[in-house]
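The shown structure was predicted, so the numbers you read here are calculated from the model rather than taken from an experiment. Position 1 is the first residue of the sequence, and the numbers go up from there.
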Amino acid sequence: MSRIKFTIGFISFCCLFLLVSAFKVSAATHLAVVSSVATQPNLQQSITHELRTNPNLELENLNVQVENGDIELNGKANNGFERALAQKFLENMDGVKVIRNKISVI
């Protein structure tokens with residue numbers, strides 16, 4: 001019986017640890033460097049569309065600036081997980097070289 005209690009306790013601890021870790025991601029994902037080729041206006045439209053239509057993100061006051069493949073993200077996210085997720089979605093897009101994630105957590 002104590003093995004079952006230990007297992008349940010351990011799994012509960014792991015779940016809580018993962019949940020807390022997801023909310024403390026904000027400082028670790030400030031800048032990412034990636035490279036590909038795409039035109040600037042199309043890239044800005046693609047990025048804005050990708051972030052606004054993603055059901056996992058609820059970003060407020062989203063502003064995307066693109067200059068020669070350098071992306072700057074501004075806006076507000078509900079938590080650090082959303083902030084990091086916004087950057088992760090863009091890392092594999094064609095034309096993205098550098099991502100400056102300046103989304104603040106509210």
Between [X] (side chain only) and [Y] (backbone N and O only), is there a donor and an acceptor less than 3.5 Å apart?
X      : Y     : result
Arg52  : Ile47 : no
Gln44  : Val64 : yes
Asn101 : Arg83 : yes

Apply side chain to side chain contact (heavy atoms under 4.5 Å, CB included) to the pair Leu57 and Leu51, showing each step before the final yes or no.
-> CA-CA 7 Å; Leu57 299 173; Leu51 295 178; 3.8 Å; yes
Looking only at non-hydrogen atoms, find the nearest pair between [X] and [Y] and report the distance.
X      : Y      : result
Glu60  : Ile106 : OE2-CD1, 3.8 Å
Leu59  : Ala77  : CD2-CB, 3.7 Å
Leu85  : Asn56  : CD2-CB, 3.8 Å
Glu50  : Leu90  : CG-CD2, 4.5 Å
Ile103 : Asn74  : CG1-C, 4.2 Å

Can you tell me how far [atom2] of [Y] sits from [atom1] of [X], rounded to the nearest 0.5 angstrom?
X      : Y      : atom1 : atom2 : value
Glu67  : Arg100 : CD    : CZ    : 9.5 Å
Ser104 : Leu73  : OG    : CG    : 12.0 Å
Asn54  : Phe89  : CG    : CZ    : 4.0 Å
Lys76  : Leu62  : NZ    : CG    : 12.5 Å

Just jot down the salt bridge (Lys or Arg N to Asp or Glu O under 4.0 Å) partners of Glu58, sequence neighbours excluded, or say none.
->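 For Glu58 there are no salt bridge (Lys or Arg N to Asp or Glu O under 4.0 Å) partners, ignoring immediate neighbours.
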